[in-house]
Structures are given as C-alpha cells and as structure tokens.
**Student:** 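Mind having a look at this structure? Questions to follow.
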Protein chains: 2
Amino acid sequence: MHDHDHDHCVAEALTRAEAICADRGARLTDLRRQVFELVLGSHRPVGAYDLVARLGESGGKPVAPQTVYRALDFLIEQGLVHRIASLNAFVGCSHPQVAHAGQFMICTRCQEVAELGDPAAVTGLIDRAAAQGFTVQSVSVELTGICAACRGRGL
Amino acid sequence: MHDHDHDHCVAEALTRAEAICADRGARLTDLRRQVFELVLGSHRPVGAYDLVARLGESGGKPVAPQTVYRALDFLIEQGLVHRIASLNAFVGCSHPQVAHAGQFMICTRCQEVAELGDPAAVTGLIDRAAAQGFTVQSVSVELTGICAACRGRGL
DNA sequence: TCTCCGCTGTTACAATATCACACCGACTTG
DNA sequence: CAAGTCGGTGTGATATTGTAACAGCGGAGA
C-alpha cells in the first residue's frame, strides 16, 4: 500500500535519532537502537512482547520483558517512540525533532497508525482545560476508524 | 474538596441509568447495578480488580473477573461508564443522556478525573481526520496534569 | 411445556507490566 | 592506581489486567 521504502525511512529515522541523542547527551545504546529499529521497521503498533520475541530470534540471547520495557521508556522519554494506550502498543514517531503530543488515527482494519498532526486541536484542549483550572502535563488523542487505503479497497 | 453529596449524586445517576436502560430495553440487572454503584461511588477511576475485590467483600460470594468485565462492557455500551485507557480503569459518566466521546482530565496528584466536555474539539479532530481520508469511529482524549483543587493546595 | 436466549458462574489461561537484586563497565575522585 | 559511584543491563519471580471456553439457570414466547 504505502510504496515508500521502509529501509530508507528507517535508516533516516535512525540518523535523526542519533543526532537528537547526541545533542542531549542521551545514550542510544545497542539495545535501545535495536528496539527502536524493530519498532520503526514494523511501521505499525508493536506490543512489548512482540519485541521480546523478535529480539530473542535475531539476537541469539533471549531477552527479558523488563529489558524491552526499559528501552521503550528511554525511547519514549526522548520522543522517538509513542505509546498507544488503547492498544497497549508502541509506534515510532514520525517527527521526533519537535516535541509534540501523541495524536493517532488507528485503522481498525489494517492496524496501521498515522499521526494526526493537529497542534491547534491540542492547544485548544489545553486552553479549555486551563479555563477549568486544570494544568496540563500531557495530552493523548486516539481516534479509531477506517483509513483511506482500506476505504479505497472497499473494506 | 468536592463538598457535594456523593450518596445523592449516586442515587440520581442510578435513577437516570434506569430510565435510560428502560428506554432502550437494556437490562440493568442487580450485578450491573452493583458494579455501576461501585464505579460511581468511588468517584474516581477504579480498576476492574478493585471492583472484583469490593464485590467479594460486600456481596459474600466471590466474583470472577470475567463477571465484572462483562458488567463493565454492558455499562460502557450504554454510555454509563467510560474506560480510561491510559489508566486501565473505569469511571462513571457524568452525563450519559448525550452520546459523547470520552474526554478526560486526569489529576496526577489526587487521581481524580473530570470530563472535559469540549465537543467542538472532538468535531475538529474528526474533520481533520476526514480531510486526510480517515473515517472516525471513536475518539478518546486524555489529558494528565494537576487539577484546580490540588493546585490550590499548593501541590 | 418446550425451547431459545441472554445473563451469570467457573476454571483455566493469556497478555501486559513491574519488583528486587546482582553484575558490569565507564567515569570520577582521592 | 584504588575506591567509589552511577547508569545500563541480566535474571528470576511476581503482580496486574484481560479472555477463552463451556456449563447452568431462568425468564419470554411459541
């Protein structure tokens, strides 16, 4: 469907990630890089235990859940990965340079996830909350529905 | 903090719920009512297993998780309860008459949750998604932060 | 009465996430 | 160099959340 070159987009994202981490003095270790590659490469939400399994296959040594969760925590902290609460899953971030809230469109047919990218909506929500005396720390927006591709295929 | 009368607000909500279910021919059974009361009465997000425990205490007979989840599914379907994905928890809905998307402000200090009630934001998100070819089925907005009461107390 | 169907009970299990503690290597500090 | 510190990882056990599969029960209607 997406005819983009996954390998290329993964490589590019990795390069960006390294730059970002270097800037901040954050350590993008082997393990963290591997997890990041897997999340990016799948290009859809991935469960933590999927990652555990895949690392076990490729790496030789089995990896414990804790290990993966720690790597994910790091990546999320750096804004390289988002967590999708409604799916208990994780996706690579499409533009980690800019700090931003997670806003996702989740297709219930093909499981693909796209970022909505509507900063105005986020600031609107924050303002509205502020008007009610609530100081916002984080924002999470998750839409489920049918993506354009699936709809085009008549699904 | 909230000096409102919980008993009264629970009773009122129950009355509304009965009316709504009666209207729709949905069966608000004893079990479902008990679960609903517990969710409402706590007036904050409650985990499914909290409910299991409380039902076990009060009711005499221990209750299985499955039982609680089924009751919750029903209540959610009727719009009487919302699920908060980021907390794996459930809250009573403050205005179940009107179908609406879940929009929550979650206080990280006191764990209280309030509904934001910003339908314009929701329609905005839906429109934006539609512009990208995405047909929305459900919307979930969850803000974390500090509520007015906690901020007032200098926390 | 008989049958269907929705609700509940029960057992087992799957999936997700965290705790506690040990080790290792890099880096600092004396 | 020795000693201490700290972040990252390994490891085993365990907590928490959510489902599957199947059985029984009781009311509504043919």
Side-chain angles (χ1 to χ4, degrees), chain A residues 17-18 21-22 24-39 42 44-56 58-78 80-91 111 140 142, chain B residues 17-18 21-22 24-39 42 44-56 58-78 80-91 111 140 142:
Chain A
E18 307 216 342
C21 288
R24 298 178 187 166
R27 295 171 50 187
L28 186 58
T29 63
D30 266 5
L31 176 64
R32 290 166 174 176
R33 184 198 322 275
Q34 280 181 58
V35 170
F36 187 42
E37 283 182 44
L38 286 173
V39 172
S42 66
R44 66 178 54 209
V46 195
Y49 278 72
D50 285 353
L51 296 170
V52 170
R54 293 200 214 170
L55 285 171
S58 59
K61 281 184 193 168
V63 175
Q66 177 92 70
T67 304
V68 170
Y69 279 105
R70 286 193 283 225
L72 287 169
D73 285 346
F74 170 85
L75 295 169
I76 289 169
E77 208 159 299
Q78 300 305 322
L80 300 170
V81 162
H82 290 293
R83 173 182 167 79
I84 302 189
S86 61
L87 299 178
N88 294 325
F90 305 84
V91 286
Q111 328 307 332
S140 158
E142 299 181 12
Chain B
E18 306 216 344
C21 287
R24 298 177 187 164
R27 296 172 50 188
L28 185 57
T29 63
D30 265 5
L31 176 65
R32 289 166 175 176
R33 183 198 322 273
Q34 280 181 58
V35 171
F36 188 42
E37 284 182 44
L38 285 173
V39 172
S42 66
R44 66 178 54 211
V46 194
Y49 279 72
D50 286 353
L51 296 171
V52 170
R54 294 201 213 171
L55 285 172
S58 58
K61 280 184 192 168
V63 175
Q66 175 87 227
T67 304
V68 169
Y69 278 106
R70 287 192 282 225
L72 287 169
D73 286 346
F74 170 85
L75 295 169
I76 290 170
E77 208 159 299
Q78 300 303 322
L80 300 170
V81 162
H82 290 294
R83 173 182 168 79
I84 302 190
S86 61
L87 299 178
N88 295 326
F90 304 84
V91 285
Q111 328 306 331
S140 157
E142 300 181 12

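Because the structure is a prediction, the values reported are computed rather than measured. In what follows, every chain begins at residue 1, and chains take the letters A, B, ... in the order their sequences are listed.
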**Student:** Taking salt bridge (charged side-chain N to carboxylate O under 4.0 Å, His left out) as the definition, give me every residue that meets it alongside Glu77(A), ordered by chain and number, with sequence neighbours left out.
**Tutor:**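 By the salt bridge (charged side-chain N to carboxylate O under 4.0 Å, His left out) rule, Glu77(A) matches no residue at all.
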**Student:** Please write out each protein N/O paired with an N/O of nucleotides 20-29 of chain C under 3.5 Å, distance rounded to 0.1 Å.
**Tutor:**
residue	atom	partner	partner atom	Å
dA20(C)	N6	Gln66(A)	OE1	3.4

**Student:** According to a strict under-4.0 Å criterion, is Thr67(B) in side-chain N/O contact with OP1 or OP2 of dG9(C)?
**Tutor:**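 For dG9(C), OP1/OP2 do have a side-chain N/O of Thr67(B) under 4.0 Å.
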**Student:** Quick one: do Val81(B) and Phe36(B) satisfy side chain to side chain contact (heavy atoms under 4.5 Å, CB included)? Show the steps, please.
**Tutor:** CA-CA 8 Å; Val81(B) 162; Phe36(B) 188 42; 3.9 Å; yes
**Student:** Are Pro65(B) and Tyr49(B) side-chain neighbours, meaning at least one heavy-atom pair lies under 4.5 Å?
**Tutor:**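 In short, these two side chains touch, coming nearer than 4.5 Å.
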**Student:** Flag the pair Leu28(B) / Leu75(B) as yes when at least one side-chain heavy-atom distance between them is below 4.5 Å, and no otherwise.
**Tutor:**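 With C-beta onward as the side chain, the pair touches.
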**Student:** Heavy atoms, side chains only, cut-off 4.5 Å: are Ser42(A) and Arg54(A) in contact?
**Tutor:**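 Answer yes - side chains close enough.
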**Student:** Does the side chain of Val68(A) come within less than 4.5 Å of Val63(A)'s, by heavy atoms?
**Tutor:**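 Result yes, sub-4.5 Å side-chain heavy-atom pair found.
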**Student:** Mind checking whether Leu51(B) and Leu72(B) have side chains closer than 4.5 Å, heavy atoms only?
**Tutor:**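 They are in side-chain contact.
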**Student:** Report the residues that fulfil salt bridge (charged side-chain N to carboxylate O under 4.0 Å, His left out) with Arg70(A), sequence neighbours left out, ordered by chain and then residue number.
**Tutor:**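 For Arg70(A), no residue satisfies salt bridge (charged side-chain N to carboxylate O under 4.0 Å, His left out) once neighbours in sequence are set aside.
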**Student:** Is it true that Glu142(A) and Ser86(A) share a donor-acceptor pair across their side chains at a distance under 3.5 Å?
**Tutor:**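 Present: a donor and an acceptor within the cut-off.
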**Student:** For nucleotides 14-17 of chain C, which of its nitrogen or oxygen atoms have a protein nitrogen or oxygen under 3.5 Å away, and what is each distance?
**Tutor:**
residue	atom	partner	partner atom	Å
dA17(C)	OP1	Arg83(A)	NH1	3.0
dA17(C)	OP1	Arg83(A)	NH2	2.6
dA17(C)	OP2	Tyr69(A)	OH	2.8
dA17(C)	O5'	Tyr69(A)	OH	3.2
dA17(C)	N7	Tyr49(A)	OH	2.5
dA17(C)	N6	Tyr49(A)	OH	3.3

**Student:** Rounded to whole Å, how long is the line connecting atom CG of Leu51(B) with atom P of dT8(C)?
**Tutor:**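 Atom CG in Leu51(B) sits about 15 Å away from atom P in dT8(C).
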**Student:** Does anyone know the first and last nucleotide of DNA chain D in reach of chain A, 5' to 3', at under 4.0 angstrom to a heavy atom?
**Tutor:**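 The contacted stretch runs from dG8(D) to dT11(D).
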**Student:** Rounding to an integer number of Å, can you tell me how far Phe74(B) CZ sits from dC7(C) P?
**Tutor:**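 In whole Å, dC7(C) P lies 7 Å from Phe74(B) CZ.
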**Student:** With sequence neighbours excluded, what pairs up with Arg27(B) under the salt bridge (charged side-chain N to carboxylate O under 4.0 Å, His left out) test?
**Tutor:**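 If we apply the salt bridge (charged side-chain N to carboxylate O under 4.0 Å, His left out) test to Arg27(B), skipping adjacent residues, there are no hits.
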